[in-house]
Amino acid sequence: MAKTTITHITDDLDGSKDAQEVSFSYQGTDYTIDLGKKNIAAFEKALKPYISAATKVPKGAARSGRSAKPKSANQNLAAVRAWAKSAGLEVSDRGRIPKSVLEQYEAAQGSR
């Protein structure tokens with residue numbers, strides 16, 4: 001037996017037919033709403049002055065989930081490695097320095 005499923009998308013505000021999904025973000029939260037032509041035009045008109053004054057953010061940049069580099073990233077990594085070795089901590093000569101070592105280095109520098 002064959003089935004045909006038809007989905008009608010209606011405007012979330014006024015219930016008009018032939019709506020389409022509109023996605024937007026505000027203050028770090030993503031939203032979607034189904035809007036018909038009339039409400040899409042009103043939505044775009046309302047946003048126009050803000051969009052024209054805003055800076056476009058490349059995709060993925062705003063929501064990468066990665067935090068800003070820790071302040072220790074500005075440290076001279078060779079100095080951190082030398083300090084760690086003199087303190088008896090195990091660190092490699094190349095690659096990432098463990099966060100715990102960076103924190104200990106910063107604490108030691110702060111106590112000077």
Side-chain angles (χ1 to χ4, degrees):
M1 172 165 70
K3 288 185 181 183
T4 301
T5 303
I6 299 173
T7 303
H8 294 282
I9 301 174
T10 57
D11 190 301
D12 289 335
L13 298 177
D14 64 16
S16 61
K17 295 181 181 180
D18 299 325
Q20 61 184 3
E21 186 177 76
V22 175
S23 300
F24 63 99
S25 295
Y26 179 68
Q27 301 226 340
T29 302
D30 296 329
Y31 298 90
T32 62
I33 188 169
D34 297 329
L35 298 175
K37 289 181 183 181
K38 178 182 161 190
N39 284 327
I40 287 175
F43 181 76
E44 290 173 347
K45 182 178 179 182
L47 289 178
K48 188 174 184 177
Y50 303 100
I51 291 172
S52 65
T55 302
K56 194 170 189 177
V57 177
K59 290 185 181 207
R63 297 182 205 106
S64 68
R66 298 185 76 181
S67 60
K69 289 186 177 182
K71 78 178 180 182
S72 61
N74 296 328
Q75 301 291 344
N76 178 341
L77 297 181
V80 174
R81 283 187 171 86
W83 171 85
K85 288 179 182 178
S86 70
L89 300 172
E90 191 175 319
V91 291
S92 64
D93 292 332
R94 296 179 51 190
R96 182 173 289 188
I97 297 174
K99 183 178 179 182
S100 62
V101 173
L102 292 171
E103 289 170 347
Q104 289 176 60
Y105 175 78
E106 288 173 4
Q109 298 306 304
S111 65
R112 285 185 176 185

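Nothing here was measured: the structure is a model prediction, and the numbers come from that model.
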To the nearest 0.5 Å, tell me how far [X] [atom1] sits from [Y] [atom2].
X	Y	atom1	atom2	value
F43	I33	CZ	CD1	7.5 Å
L47	S52	CG	OG	10.5 Å
Y105	L77	OH	CG	9.5 Å
T10	L35	OG1	CG	10.5 Å
Y31	S25	OH	OG	9.0 Å

I want to check something: taking the side chain as every heavy atom from C-beta on, are K85 and D93 in contact at a cut-off of under 4.5 Å? yes
Are the side chains of I97 and R81 in contact, using a 4.5 Å heavy-atom criterion? yes
Minimum heavy-atom separation for G36 and A19, please, with both atom names. N-CB, 3.8 Å
Can you see which heavy atom on W83 is nearest to which on Q109, and at what distance? CD1-NE2, 4.3 Å
Following the transitive rule for hydrophobic clusters with a side-chain heavy-atom cut-off under 4.5 Å over Ile, Leu, Val, Met, Phe, Trp and Tyr, establish whether F24 and L13 coincide in one cluster. yes
Residues 33-51 vs side chain to side chain donor-acceptor pair (under 3.5 Å), sequence neighbours excluded, gives D11-N39, D14-N39
